[in-house]
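We count residues from 1, following the sequence as given.
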Amino acid sequence: MNPEPQIIILDAGGQYCHLEARKVRDLGVYAEVRASETPAVELASAKGIIISGGPASVYDPGSPTVDPGIFAQGQAVLGICYGQQVMAHLLGGAVRKGEKGEYGLAMLDLEETADPLFAGLSGRQQIWMSHRDVVGSVPQGFRVVGRTDTCAVAAMAAPERRLYGLQFHPEVVHTARGGEYLANFVFGVCGCRKDWDPRHRVPLIEREIREAVGDRKVFFFVSGGVDSSVAFTLTTRALGGERVRGVYVDTGLMREGETEFVRRMPGVAVEHAEEQFLSALAGVTDPEQKRHIIGEEFVAVQERVIETRRLVDEHWILGQGTIYPDTIESGGTSKAAVIKTHHNRVAGIQKLMECGRIVEPLKSFYKDEVREIGRELGLPAELLDRHPFPGPGLAIRCLCSEFDAPVRATAEGWVIPVSSVGVQGDSRSYAPVLAIDALDHARATGLANRLSGVNRIIAAVETRVPTGEMQVRACALTPERIARLRRADATVRRLSAESGFDRTVWQFPVILIPLGTAESPDSVVLRPVESVDGMTAQSVTMPEDLLGRLCGELLEAQEIAGVFYDLTHKPPGTIEWE
C-alpha cells in the first residue's frame, strides 16, 4: 500500500502535472495528483499543495480553479505557471494577456531573499517557460522576487502565509536549478519527511499486472523499442512465459533494419501488414487522420491475429507499452489539451480499455524511468539505449500537403506553408514553419516567443536553390516518399553512430517535408534534441564536420532539394513534427 500523500498536486490541465508528482516522489516524498476543484477539507491532511500549470486563461468561462479555502488553512501552497495565475486571481491580484509569450529557455533574475522557497537560489539562472498570460499585479501581502526580460512577475511570495507562485516550471529538466526549488518547497517550506523509495516500483508494477489480468492471458504488439520491450518483459515476469505472447507488426512504416532487429527478440513473432497500412493511408494528408488510421489499423491487425492465432475471446487481453507522455499529450487528464492523438489512444483502443481488456504496465512512467526499470530487469543496453521512435513510424515524419503553395518572404525569413504541431502554454497549435538563414538558437527562440503565427523555426543548411525559389507541393503518403525518408534516416543514423554524436542526444528525428522544386520535390529536416523524459526538449547543435558530411550524402539523392535544421525547443515545438 502507498503511504498517505504528504504533497498533493491539483491538476489544472498542465502537460507537466504528473511530472510534478513524479519529481516530488524522486525526492523520497510520496505525492499524488487530485482534481483541481477538490474541496479544501479533503486536502487538509497534506503538508503541502502544488497547483499545476494548464492551457486555460483564468478569466475564461469554465477555466479550472481551486477551492480558495486552501489558502486559508495554514498549508504551504505553490502555484506553478497557470497555478500562479490562479493564486493571484483568487487572492485579489490581476492577470492579463502578455504582450508576447515565453516558450522554452528564459533567464530569471531572482533577488536575494530569506524566504525558504528561494534559499540559496538568488541570482541569474536558466529557467523553462510555457505561457502567454502573466500576473499584472500581485495580491496584497505578496511581493515580487523574480523577473525575466518579458515577465515582470516570474516569482512571487507571501512567506508569512506560506504561499508562493512561480511562472516558470521547476519540474522540468531544463530549469537548471528546478530540483532545488522543489526540494526547498517539500522540505524547507512543508517540512516533509522521506517516506518513498522509487526502487519499490518493479514489485508494485508486477502486482498491478496480476491484479489487472486476473486469470487471463496477454498478447503484446511489440515494436522493438524500449517501452513495449520493457512492458512485455515485466508482464512475462509477472505472469510467466506461457501466458504472454508478442507479435511485431511490420507496417511498412518502419526504419531500415527494424524488422530484422526485432526478429532476434525471444518470444516474438512477425506479422506482415505493409500493404494494409499503406493502402489505408493512401491520399491522406492530415496528421491527426494519419494517427487515427494507424491506430485503427493496429486494432484490425490485432483482431486478425486473435483469430488466426486462436487468442480467443475474453481469455486474452491486449498489453501495450504506453508511457505517461503518450497519455498526457493525448489529453490524458480531465483538463489537459490534446497535443497529438497517440496511436494507443484511438477509438478502437479506448473501447478495449472501457471493456477492461487492456493492461498498460508503464502508463504512469516516463522514458527515463522506463529505462531504469529495464536495467533492473536486466535488459541489454543495446535495447535500452535506443533513441525513442514513434509508434506510427515514419508516417508522422513524412509531412504531406493538400495544396501547392509558395513560400512567403517576411522580414524575419521565409514562411513555409507546411503545418507542424506545437505546444504553447500547454495547448496544441498547428502552424506553419519559419525558415531563417543561420543556425542561431538564440534568434530562433526569440522569434518563436514573438511570432504568434508560427511554432517552429528551422535554418537552411544547404540547398540546391535558394529557399525563396522553392515551393510546397500537394502530396500524400506514398511508398516512394516513405522509402525516400527511410534512406535519409538510415544515412543520418549511420553517420551519427560512426561519429558518436548519437550518444550525446536523446533523440534525432529526421523529417521529410514537401518543399523543393519539380526535379527535387522534398527536403530533409534534422531534429536532434536533448531531453530526459520527453516532456521538454532542447534543440542542440551538432559538430560542423558531421553536419557537412550529412548534407553531402543526403543531397546525393536528386529528389532532395535541401537540408534544414530544426532550432525549436519544446515548447513551443513538440519533438516530432506531427
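- Residues Cys190 and Gln6 form no side-chain contact, since every pair of their non-hydrogen atoms from C-beta on lies 4.5 Å or further apart.
- Under the 4.5 Å side-chain criterion, counting only non-hydrogen atoms from C-beta, Asn455 is not in contact with Thr574.
- Here the side chain of Arg291 pairs a donor or acceptor atom with the backbone of Glu578 at under 3.5 angstrom.
- Side-chain atoms of Leu550 and Val461, non-hydrogen and from C-beta on, never get closer than 4.5 Å to each other.
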Can you check side-chain contact (heavy atoms from CB on, under 4.5 Å) on Thr322 and Leu362, steps first, answer last? CA-CA 6 Å; Thr322 309; Leu362 303 174; over 6 Å; no
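- At least one donor-acceptor pair under 3.5 Å links the side chain of Ser531 to the backbone N or O of Thr536.
- If you look at Phe168 and His131, their ring centroids are not closer than 6.0 Å.
- Side-chain contact between Val77 and Phe71 is present, with at least one heavy-atom pair separated by less than 4.5 Å.
- A side chain to side chain contact (heavy atoms under 4.5 Å, CB included) with Leu108 is found for exactly one of Arg177, Gln125, Gln167, Gln126, namely Gln125.
- Atom CG of residue Leu78 and atom CG of residue Leu117 lie 6.0 Å apart, to the nearest 0.5 angstrom.
- When the options Arg201, Lys363, Arg375 are evaluated for a salt bridge (charged side-chain N to carboxylate O under 4.0 Å, His left out) with Glu369, the one that passes is Arg201.
- Annotation for Trp506 and Val532: closest pair NE1-O, 3.3 Å, computed over non-hydrogen atoms.
- Distance alone, capped at 3.5 Å, is enough to place a donor-acceptor pair between the Gln84 side chain and the Leu166 backbone.
- In this structure, Lys367 pairs ionically with Asp227, as a charged nitrogen and a carboxylate oxygen lie closer than 4.0 Å.
- No side-chain heavy atom of Asp11 sits under 4.5 Å from any side-chain heavy atom of Arg34.
- Across Val525, Val492, Leu554, a single residue satisfies side chain to side chain contact (heavy atoms under 4.5 Å, CB included) together with Val510, and that is Val492.
- Checking side-chain atoms of Asn449 against main-chain N and O of Tyr103 turns up a donor-acceptor pair under 3.5 Å.
- Partner of Glu576 under the salt bridge (charged side-chain N to carboxylate O under 4.0 Å, His left out) criterion, chosen from Arg527, Arg397, Lys570: Arg397.
- The closest donor-acceptor contact from the side chain of Ser63 to the backbone of Tyr59 lies at 3.5 Å or more, if one exists at all.
- Minimum interatomic distance between Arg162 and Gly74 (heavy atoms only, all atoms of both residues): NH1-O, 2.7 Å.
- With respect to Glu412 and Arg443, no salt bridge is recorded, no charged nitrogen being found less than 4.0 Å from a carboxylate O.
- Between the OG1 atom of Thr541 and the CG atom of Leu547 there is a distance of 9.5 Å, given to the nearest 0.5 Å.
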Walk me through it: do Gln538 and His441 pass the test side chain to side chain donor-acceptor pair (under 3.5 Å)? CA-CA 10 Å; Gln538 185 171 354; His441 278 97; over 6 Å; no
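- If you run side chain to side chain contact (heavy atoms under 4.5 Å, CB included) between Pro139 and each of His89, Met156, Arg161, only Met156 comes through.
- Between atom CG of residue Leu495 and atom SG of residue Cys551 there is a gap of 11.0 Å, rounded to the nearest 0.5 Å.
- Nearest heavy atoms, Ile323 versus Phe365: CB-O, 3.4 Å.
- The shortest side-chain heavy-atom distance between Ile575 and Gln507 falls under the 4.5 Å cut-off.
- For Asp109 and Arg124, the salt-bridge test passes: some basic side-chain N is under 4.0 Å from an acidic carboxylate O.
- A donor-acceptor contact shorter than 3.5 Å links the side chain of Tyr366 to the backbone of Leu19.
- For the residue pair Trp577/Asp566, the side-chain donor-acceptor check at 3.5 Å is satisfied.
- Defined by atom type and a distance below 3.5 Å, a donor-acceptor pair is present between the side-chain atoms of Arg456 and Ser420.
- Of the possible donor and acceptor atoms, one in the side chain of His569 sits under 3.5 Å from a partner among the backbone N and O of Ser539.
- Side-chain atoms of Arg143 never come within 3.5 Å of backbone atoms of Ala157 as a donor-acceptor pair (strictly under, hydrogens ignored).
- For the residue pair Gly453 and Pro432, the shortest heavy atom distance occurs at O-CD, 3.3 Å.
- Distance alone, capped at 3.5 Å, is enough to place a donor-acceptor pair between the Gln75 side chain and the Leu43 backbone.
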Apply the test side-chain contact (heavy atoms from CB on, under 4.5 Å) to residues Leu27 and Trp196: give CA-CA distance (whole Å), side-chain angles for both, the deciding distance (0.1 Å), then the verdict. CA-CA 8 Å; Leu27 293 171; Trp196 177 253; over 6 Å; no
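- Classification of Asp197 and Arg25 as a salt-bridged pair fails, no side-chain N sitting under 4.0 Å from a carboxylate O.
- Within the model, atoms OG1 of Thr467 and CD1 of Ile458 stand 7.5 Å from one another, a figure rounded to the nearest 0.5 Å.
- Proximity of a side-chain donor or acceptor of Asp149 to a complementary backbone N or O of Met107 within less than 3.5 Å is not detected.
- Between atom OG of residue Ser52 and atom OH of residue Tyr82 there is a gap of 9.5 Å, rounded to the nearest 0.5 Å.
- For the pair Met535 and Tyr16, the tightest heavy-atom approach, listed with the atom from each and the gap, is O-CE2, 3.3 Å.
- At a threshold of 4.5 Å between non-hydrogen side-chain atoms, the residues Tyr181 and Leu121 count as touching.
- For the pair Leu512 and Leu399, the minimum side-chain heavy-atom distance is 4.5 Å or more.
- Summarising the geometry, atom OG belonging to Ser499 is positioned 8.0 Å from atom CG belonging to Asp545; distances are rounded to the nearest 0.5 Å.
- Pairing each heavy atom of Val33 with each of His18, the nearest pair is CG2-CA, 4.3 Å.
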